[in-house]
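This report concerns only the one structure given below.
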Amino acid sequence: MPTMNAGIQVRERHTKHWAPAFKKLRRLKVQKVKLPNFREEDTMSELTPDQIRSRMKEQGILPPRSWMERPITISATGAVFEPYIPPEGDGKLSSLTLGGAKQSMEFLSKKSKSMLAVRKIRSFEDNFSPSTFAEEAQDIYIKAHKALVEKDYDTLHQCVTELCFPLMTEDLKMCTTRWQFLKSLEPPRVVHARCTDIINKENIFSQVTVRFHTQQTLAVYDRFGRLIYGSEVVAKDVVEYVVFEKHLANSYGLWRIHEKIIPDWMPAREPGRKTYVQQKPVVESEPVADTAVPATPTEQSAAVA
Amino acid sequence: MEILLRQFQTKSFLSICKCLEPAYSHATSWTSGNAMLGKTLFHTSNTVAMPYNPPKGPRKWPIYNKKIFAPQLPGEERRPAYVCHMRTNIKYSPFKMWYVASMIRGMSVDEAIKQLSFVNKQGAVHVKEVLLEAQKLAVEKHNVEFKSNLWVAESFATKGLVMKGIRRHAKGRVGLVHYFHCHYFVRLEEGSPPAHFFFETAPKTTKTLLSEWVDEMRQRRIPGSL
């Protein structure tokens, strides 16, 4: 097509058939073949339901049966109910000082709501006691972390709830982890307990928060074996508030790690060795008002001319 | 058609109702229940509503991305990261794509993208898109720190689907028309590109030149001699 470019005619096609009058007949010589569209998936997410329906009609696919029932199993709750609020500065004072001793004297028996929850748990589990449970909880904690390191997901599902599982495994899927539990600096202690029911009043879930003060080493290597977090040699003192959950109404229910309570006052973790490009904040520029060009010559333009 | 059917197989029924939004690939699907339930997790099982269509096309190239290397010892040289990416069934001839694929071998990613922007071929558009996708993947998922610190280690194209059509020629003769597709594969590696990627174009060292000259001299024979 000839185009006008500052008064000069420019033809964009550089080729021309020697007999252009027979183009239509020449086109009819080739049988058109319908090729499959392999780039369809890229635009699939932008389609509206009506568009999807029309495409399916074109291809002769029936929509999926709408009366299909799906069995649903609620095996874990989606959050921590009435979370424990750890006292500020916990774990910083030595238990030999007065302040530290006071902190460790935080008795569960003084918390009425937690004791009610413990009594509820005892109605399902006869020999449940906070002191024995704390030790069991530490065993579950160690078992879960060992399974995570070895990528033994069968054992990990036994030790960890459905809420916790993706949080633990997602980032470490392409990584190698080396974790060691060195020792427990203070005996584990149950600090909080709550019971809730989902849908029915009989379908009870119990959540128990256990406080751990331990010494651990953690080293995370990326896919290529390069260290990205921590160290295999340097031990760290860890104060953690781990929430364990059990589906009491289920006779096959297990005590599993559900969540971790990270208070605001806790010092930030060691930053990873990876750098990121900081996203520039989107600055909304003020709309520029179009200034009208004067039709009549002003003094300045007249002076230039 | 197959692509739509595949959607129903791999994704849960609940997610399809939400206008084909992406869902988790494993069995559990997260839904926020009503006020009575609060925020609960539903553990559902996938129901098969559609007939099974096996995946087609090349699938081995992205498996290289799943390989996990053992942690490196403290004294070892840092292993360079790499990412393998591909695009299947591009509507372009593999014979034509060869020119574009071989052009960028051994170039740094930035240089390759720059050059491809000005190559007068349809295939270059696809190759450029694949490179940009691969660069993004490398930074987001493969622990590559700087997106410019990548070079094209492997770049090649193979034959994809070939559909055959017919055309007529003069005097009732029939001709076959091939509608070619190709698959394009690329591997980006972390680091600066090597000085000489192609052995043939690398300048020879004095040692090799000397040994070659000596061999040539020793091969000389006097014709017709005993």
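Because the structure is a prediction, the values reported are computed rather than measured. Each chain gets a letter, A, B and so on, in the order its sequence line appears, and its residues count up from 1.
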Is A:R223 reaching over with its side chain to a backbone N or O of B:K66, donor-acceptor style, under 3.5 angstrom?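 Not a single qualifying donor-acceptor pair exists.
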
Before accepting this row, confirm whether a basic side-chain N of the pair B:E145/A:R226 lies closer than 4.0 Å to the acidic partner's carboxylate O.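 Here B:E145 does not pair with A:R226 in a salt bridge, since their nearest N and O are not under 4.0 Å apart.
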
Is the number of heavy atoms from other residues, nucleotides or ligands under 6.0 Å of [X] [atom1] greater than 12?
X: B:E76; atom1: CD; answer: yes
X: B:K159; atom1: NZ; answer: no
X: A:F22; atom1: CZ; answer: no
X: A:I85; atom1: CD1; answer: no
X: A:E270; atom1: CD; answer: yes
X: A:L172; atom1: CG; answer: yes
X: B:F69; atom1: CZ; answer: yes
X: B:Y99; atom1: OH; answer: no

Please report the shortest heavy-atom distance between A:P36 and B:M163, naming the atom on each side. CD-SD, 3.5 Å

Heavy-atom nearest pair, A:V33 first then B:G165, reads CG2-CA, 3.7 Å

[X] side, atom [atom1]; [Y] side, atom [atom2] - distance, nearest 0.5 Å:
X: B:I166; Y: A:K29; atom1: CD1; atom2: NZ; value: 13.5 Å
X: B:K91; Y: A:N37; atom1: NZ; atom2: CG; value: 12.0 Å
X: B:R87; Y: A:F38; atom1: CZ; atom2: CZ; value: 13.5 Å
X: A:K173; Y: B:K141; atom1: NZ; atom2: NZ; value: 11.0 Å

Side chain, backbone, both or neither of [X] within contact of chain A (heavy atoms, under 4.5 Å):
X: B:A81; value: both
X: B:H142; value: both
X: B:L161; value: side chain

Could you label the plane-to-plane angle of the A:F224 and B:Y82 rings as parallel, tilted or perpendicular, counting under 30° as parallel and over 60° as perpendicular? perpendicular

Under a 4.5 Å cutoff for heavy-atom pairs, which residue among B:V177, B:I68, B:V139, B:N143 has the most contacts with chain A?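 Among the listed options, the one with the most contacts to chain A is B:N143.
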
Given heavy-atom pairs under 4.5 angstrom as the criterion, report whether the side chain, backbone, both or neither of A:L227 touches chain B.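 Contact with chain B involves no heavy atom of A:L227 at all.
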
Are A:D42 and B:E129 packed together at the side-chain level, in the sense that at least one heavy-atom pair is separated by less than 4.5 angstrom?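 Side chain of A:D42 against side chain of B:E129, heavy atoms only: no contact under 4.5 Å found.
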
Going through the distances and angles, do B:H181 and A:L35 end up as a side chain to side chain contact (heavy atoms under 4.5 Å, CB included)? CA-CA 10 Å; B:H181 294 76; A:L35 299 170; 4.3 Å; yes

